[in-house]
Amino acid sequence: MRATEYLIPTLREIPAEAEVVSHRLLMKAGFIRKAASGIYTLLPLGHRVLLKITRIIREEMDCQGGQEILLPIIQPAELWLESGRWEVYGPELFRLKDRHGRDFCLGPTHEEIITELVRGDVRSYKQLPQLLYQIQNKYRDERRPRFGLLRGREFVMKDLYSFDRDEDGLETSYQKMIVAYNRVFSRCGVEFRLVEADSGPIGGNVSHEFMVLAGSGEALILYCPNGDCGYAANVEKAESRVVEPENKDESRALELVKTPDKRTVEDVTAFLGVGPERIVKTLLYETERGLYAALIRGDRELNEVKLQNLIGAVHLEMAGPETVERVTGAPVGFTGPVGLEGVDLVVDEEVAFMVNCITGANRADAHYQYVNPGRDFPIERVADVRLVREGDPCPHCNRPLVAARGIEVGQVFKLGTKYSEAMGLTYLDEQGQERLVVMGCYGIGVTRTMAAAVEQNHDEQGIIWPAALAPFTVVVVPVNVRDEIQAALAETAYATLREGGLDVLLDDRAERPGVKFKDADLVGYPLRVTVGKTAGDGLVELRVRRTGETRLVSVGELVESVRAFL
RNA sequence: CGGGAUGUGGCGCAGCUUGGUCAGCGCGCUUGCCUUGGGAGCAAGAGGCCGGGAGUUCAAAUCUCCCCAUCCCGACCA
């Protein structure tokens, strides 16, 4: 392509709304424009990057036996009512009505519609397994779209769905996808990590996420620094080993202590002169399945995702002050498990080991001390409901876990029979027995991957595209297009590179060289061919964007030199 | 959903407190001259329902009310 015939609207100033690096640079370098909050247009450069990514994805999906299909984006409400997600998805689901008043939604993900498809056309074990995928726009009315392409309301996603006869088949499909994803992200040139994940509203019980490591990432991950161990998990899922105290104190008799207006862990520890690890926090939660009290050590935070999964609740919310008073008979700040009735107690593993701890007394301005689990309150339901933090011992090898931020670019789920059961997706096995199809789903955020690549690959001057994703691999810049020798040699270089099968842009604009160099650095072409002073000798300068390294080469050896870099 | 802020040519902003030659600046854009190895210079231009609506007033970008949009922070740890 020629720059004079191509839309590359770079900006000198950045729109004020852009905050994160990828958003700023993609706007400034002319890859994207905003249409509405969380909704973007991809300009020619952005679209080329998208095509590069989707091509890699297609190759790897097809390599594993994936078959590409196109699914409707507008989906009838009935399917979502059938799976139960019309309610569960809540306000994040874009809903609309047709002229007859019938309900539809814009697909945020496609389990329903594909389950519907397969149940209509797959009847026999002979037709399984199937791996079907689509690369399409998806819609989620995020409560807060932000960070440009990283969290939009409309985005491009690849989703593959696997349909197997049994769990073994699912395991095979799952492993195939993990292999494929590792290849996809490696080829995209991003630094990533595979972590254990919570499956969230999609459902299922086993899930992993692919995280691009970046400080701007919204996800917090914890991983074991021991390479042989390799444990890594999203904080929502992360576990840590419970350390049982070695020499426990003798348990003492329960004692009420006055704690006037001491409501928080901080207040109570300061007042009683003890550490927060001596306190047990009692957190009251309301769910559609009733009230729950979660007990967690005073220096810990509760992991609501774990609690929600444990209870099996769809809605989980901390109880308001009125509920707390009604249930405990005391204002907020004095809740404790001793004598607490009408709620189910969930005791964190760490709490179960505690001796002589401090809890609220369920009366105003009072706490109990020397509370002992099992003796003073029941420990029937002991579970891991705490939020793991950096430094906690690895659940596998006991070393202190390390924390890092990541951008979730892919997630794989073993759905099991959640959707096939809800929607009646069955097949007949060899014995003529009707059985449920076992499903998995595997997503890649394509537009998000584009942004994540920029988050990880940029400098003060602009983007530095990994070669596999770059909109053009190389840009040819004649320093002075009015110089006939330079212009002619630039044309030759351009033609040579194109014939060599490379993606090349000729910056034939009559701009001063500084402008073209700045733009080239901003857009982030991995290589630049400068045609200038040495044009008379048939030599051009090849410059590597990432390192700034340059060398003179003849046009004849240009293709070879560029190839060598890739 | 709660809180905060902002909306003035394509982009970045000033003007608003103290209504009245305030519709202005920088960048970008167009044309011409000139220049050509890191966002040059000179000259002449084009371009704005001041987010929308309703009020107050002789007079509103400026004051009042409502609405819309956008961005940021937060979302309860007993």
Side-chain angles (χ1 to χ4, degrees), chain A residues 9-20 23-24 27-28 30 33-39 90-92 141-148 259 261-268 276 279-286 293-304 307 316-321 323-325 327-328 330-337 340 343 348 358-367 385-387 460-462 477-483 486-487 509-522 528-535 540-541 543 548 550:
Chain A
T10 59
L11 304 173
R12 299 232 173 155
E13 278 163 307
I14 301 168
E17 65 200 27
E19 277 285 314
V20 294
H23 191 195
R24 294 166 69 89
M27 292 276 275
K28 188 176 185 204
R33 289 291 182 263
K34 190 179 70 178
S37 181
I39 300 176
E92 254 179 55
D141 197 358
E142 293 281 345
R143 61 189 162 177
R144 193 179 157 200
R146 53 180 148 179
F147 305 148
T259 49
D261 210 33
K262 307 301 177 200
R263 295 160 186 274
T264 65
V265 169
E266 206 174 33
D267 292 344
V268 175
I279 306 238
V280 172
K281 291 194 286 197
T282 306
L283 307 174
L284 232 50
Y285 278 87
E286 286 183 284
L295 270 55
I296 192 95
R297 217 170 62 188
D299 60 330
R300 284 288 186 179
E301 287 188 31
L302 183 81
N303 184 330
E304 289 189 356
L307 182 62
L316 178 85
E317 208 177 349
M318 277 197 109
T323 310
V324 171
E325 290 216 36
V327 173
T328 70
V332 170
F334 303 99
T335 307
L340 188 62
V343 298
D348 183 68
I358 295 157
T359 74
N362 295 323
R363 63 177 84 172
D365 300 329
H367 280 74
V385 289
R386 61 198 181 281
L387 197 68
E460 316 72 52
Q461 297 301 312
V477 181
V479 169
N480 181 357
V481 291
R482 304 269 284 275
D483 179 312
Q486 288 183 23
R509 295 175 299 167
E511 291 285 354
R512 293 164 57 84
V515 173
K516 295 199 275 193
F517 292 158
K518 287 286 186 189
D519 269 352
D521 287 350
L522 176 62
R528 187 180 88 199
V529 170
T530 314
V531 183
K533 299 185 283 242
T534 54
V540 298
E541 181 188 86
R543 180 174 187 271
T550 62

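Only heavy atoms go into these numbers, but all of them, side chains included; no hydrogens, no water, no symmetry mates. Proteins get letters first, then strands, A, B, ... in listed order; numbering begins at 1 in each.
Here the side chain of A:E541 is nearest to one of B:A78, B:U70, B:G37, namely B:G37. Side-chain proximity of A:E19 to B:C77, B:G37, B:C71: nearest is B:C71. Across B:G39, B:G74, B:C71, the shortest atom-to-atom separation from the side chain of A:T10 is found for B:G39. Residue A:K28 has its side chain nearest to B:G39 when only B:G39, B:G37, B:C71 are considered. Of the candidate nucleotides B:U36, B:U70, B:C11, B:C11 has the atom lying nearest to any side-chain atom of A:E13. Each of B:C71, B:C76, B:U36 was ranked by its minimum atom distance to the side chain of A:P513; first place goes to B:U36. Residue A:E511 places its side chain closer to B:C29 than to any other of B:G38, B:C29, B:G39. In the set B:U36, B:C11, B:G37, B:U36 carries the atom at the smallest distance from any side-chain atom of A:R482.
We find that CG of A:D521 is positioned 12 Å from P of B:G39, with the value rounded to whole Å. Protein atom NZ of A:K518 is 14 Å distant from nucleotide atom C1' of B:A40, rounded to whole Å. Atom pair A:E304:CD and B:A78:C1' shows a separation of 13 Å (rounding to whole Å applied). Here B:U70 presents its P atom at 16 Å from CZ of A:R146, a figure rounded to the nearest Å. Distance CD (A:E142) to P (B:U70): 15 Å, rounded to an integer number of Å. The separation between A:D299 atom CG and B:C77 atom C1' is 12 Å, rounded to whole Å.
Nucleotides B:G7 and B:G12 are separated by 11 Å at their P atoms, to the nearest Å. Separation of the C1' atoms belonging to B:G28 and B:G10 is 7 Å when rounded to the nearest angstrom. Atom C1' of B:C71 sits at a distance of 22 Å from the matching atom of B:C27, rounded to the whole Å. Taking atom P in both B:A5 and B:A43, one finds a spacing of 43 Å when rounded to whole Å. Spacing of C1' atoms, B:A60 relative to B:G15, comes out at 14 Å, to the nearest Å. Comparing B:C29 with B:G74, their P atoms are spaced 39 Å from each other, to the whole Å.
Counting any heavy atom pair closer than 4.0 Å across all strands shown, A:R12 reaches a base atom. Counting any heavy atom pair closer than 4.0 Å across all strands shown, A:V477 reaches no nucleic acid atom. Among the atoms of the strands shown, none is found under 4.0 Å from any heavy atom of A:R33.
Looking at which nucleotide of RNA chain B each of A:I296 and A:D519 is closest to, the 5′-most match is held by A:D519. The residue among A:E301 and A:L11 whose nearest nucleotide of RNA chain B is located toward the 5' end is A:L11.
Nucleotide B:U56 is matched to nothing when pairs are restricted to Watson-Crick or G-U wobble geometry with both distances under 3.5 angstrom. Across all strands shown, B:C71 pairs with B:G4; the Watson-Crick or G-U wobble distances both stay below 3.5 Å. Here B:C33 sits opposite B:G41 as a Watson-Crick or G-U wobble pair (both hydrogen-bonding atom distances under 3.5 Å).
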| said: Assess the residue pair A:L284 and A:T328 against the criterion (side chain to side chain contact (heavy atoms under 4.5 Å, CB included)); give the C-alpha distance rounded to whole Å, side-chain angles, the decisive distance to 0.1 Å, and a yes or no. | reply: CA-CA 10 Å; A:L284 232 50; A:T328 70; 4.2 Å; yes
